[in-house]
There are 2 protein chains.
Amino acid sequence: MIPKDEDDLLTRSRALCDAMENEDDWLKREVLTHAGNRWAFGVIHALKEGGRLRHAELRRRLGGVTQRMLTRTLRQLERDGLILRQDYEEVPPRVDYELTRLGEEFLLKIIPMWLWIFEHAEDFRQAREAYSTTASE
Amino acid sequence: MIPKDEDDLLTRSRALCDAMENEDDWLKREVLTHAGNRWAFGVIHALKEGGRLRHAELRRRLGGVTQRMLTRTLRQLERDGLILRQDYEEVPPRVDYELTRLGEEFLLKIIPMWLWIFEHAEDFRQAREAYSTTASE
DNA sequence: CAGGATCCAAGGGGATACTG
DNA sequence: CAGTATCCCCTTGGATCCTG
């Protein structure tokens, strides 16, 4: 189905594979980790929905994240230009985060992938089960 | 632009975020790592283009991967049902790998993300540079 | 040829305690 | 409140050597 779009995608991804060999490693390592990062997606999504959010508010929305991991995730996202950190330099401290345009685009790019993965969660479970049984015999 | 599609995406991703909280961790950890994995993408792409490929042929196509990492990547992809491993049980050993339907779909889902990242490589570089300068002052 | 065994460095992720 | 510091285990990724 949809052979035209698919071919187009593959053609472009072929060029992409060539480019990967020449690219520096940091792009794949630093930026791409966000895609597979457990918290990065939640942070970006929360900022898209909530606008400017503070550290504590983000923690509440994500549920289960420690300060350390939230801080680290935020730092990485900031470094890569996906979010903006604003420190009001008040006492008590007030800092909030907002999504950049780059961050918004990134969110829109990774949502389909996440959706697809969750839609196929059952397939993955079955594949894993089949693998365990064949591996044992 | 395209507010309708974007809203739709966000609505579905909101449900996704809720689902994530209930989901087991393995889905995020095990499956999602493939998306950001440097070699997983190359393997899947090579199999999409080359059909059934053997270990050595894959190594040649990927360039730079060690046997160990290639083997590990292949095992993981096999476990998650994205590729099929066939061992002909000959001497000398002959093993080849092919993409499953699930693997093909996965490739089509992650290509857009990789393309987008490479298209914005310059943005990321600039963001990183800006971050370093503001962080130092 | 395919890949296991071993050793290593770096990072992810979490728990807990402390601070300006 | 928004972090930092410390300690922990696990995985990733690579190098090197070995085997059926």
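The chains referred to below are lettered A, B, ... by the order of the sequence lines, with proteins before strands, and numbering in each begins at 1.
Here C:dC1 presents its C1' atom at 11 Å from CD of B:E90, a figure rounded to the nearest Å. We find that CE of B:M69 is positioned 18 Å from P of C:dA2, with the value rounded to whole Å. The distance between atom CG of B:D87 and atom C1' of C:dA2, rounded to the nearest whole Å, is 9 Å. In this structure, A:L62 places its CG atom 13 Å from P of C:dG13, rounding to the nearest Å. What separates CZ of B:R72 from C1' of C:dA5 is a distance of 13 Å, to the nearest Å. If you take CG of B:L70 and C1' of C:dG4, they are 14 Å apart, rounded to a whole angstrom. Rounded to whole Å, atom P of C:dG12 lies 13 Å from atom CG of A:L32.
Under a 3.5 Å cut-off, the side chain of A:T100 and the backbone N or O of A:L82 do form a donor-acceptor pair.
Within the 4.0 angstrom heavy-atom criterion, no nucleotide atom of any strand lies near B:E89.
Phosphate proximity of C:dG11 to A:N37: absent, as no side-chain N or O sits under 4.0 Å from OP1 or OP2. Side-chain nitrogen and oxygen atoms of A:Q76 include at least one within less than 4.0 Å of the OP1 or OP2 phosphate oxygen of C:dG12.
Mapping A:P93 and A:V65 onto DNA chain C via the closest heavy atom, the residue that lands nearer the 5' end is A:V65. Ranked by how close their nearest DNA chain C nucleotide is to the 5' end, B:P92 and A:P92 are led by B:P92.
Remark: B:D80 pairs with B:H34 by the side-chain hydrogen bond (donor to acceptor under 3.5 Å, both in side chains) rule, at least two apart or across chains. When the side-chain contact (heavy atoms from CB on, under 4.5 Å) test is applied to A:L10, the partners found at least two apart in sequence or on another chain are A:E6, A:S13, A:R14, B:K48, B:L107, B:I111. In this view, B:K109 and A:W116 satisfy the side-chain contact (heavy atoms from CB on, under 4.5 Å) rule, not counting sequence neighbours. Annotation: side-chain contact (heavy atoms from CB on, under 4.5 Å) contacts of A:E119 (sequence neighbours excluded): A:L115, B:R12. Contacts of A:E90 classified as side-chain hydrogen bond (donor to acceptor under 3.5 Å, both in side chains), with partners at least two apart in sequence or in another chain: A:R94. Here B:D96 pairs with B:R52, B:R54, B:Q86, B:Y88 under the side-chain contact (heavy atoms from CB on, under 4.5 Å) rule; sequence neighbours left out.
A salt bridge does not link B:D123 to B:R125: none of the charged nitrogens lies less than 4.0 Å from a carboxylate oxygen.
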Just distance, no hydrogens or angles: give the donor-acceptor pairs under 3.5 Å from side chains in residues 60-73 of chain B, sequence neighbours left out.
unit_1	atom_1	unit_2	atom_2	d
B:R60	NH1	B:E57	OE1	2.6
B:R61	NE	B:E57	OE2	3.0
B:T66	OG1	B:M69	N	3.4
B:T71	OG1	B:Q67	O	2.8
B:T73	OG1	B:M69	O	2.7

So which protein nitrogen or oxygen atoms get under 3.5 Å of nucleotides 3-7 of chain D's nitrogens or oxygens?
unit_1	atom_1	unit_2	atom_2	d
D:dG3	OP1	A:R75	NH2	3.1
D:dG3	OP1	A:R85	NH1	2.4
D:dG3	OP2	A:Y97	OH	2.4
D:dG3	O5'	A:H55	ND1	3.4
D:dT4	OP1	A:R75	NH2	3.4

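Scanning residues 42-54 of chain A for heavy-atom distances under 4.0 Å to DNA chain D yields A:R54.
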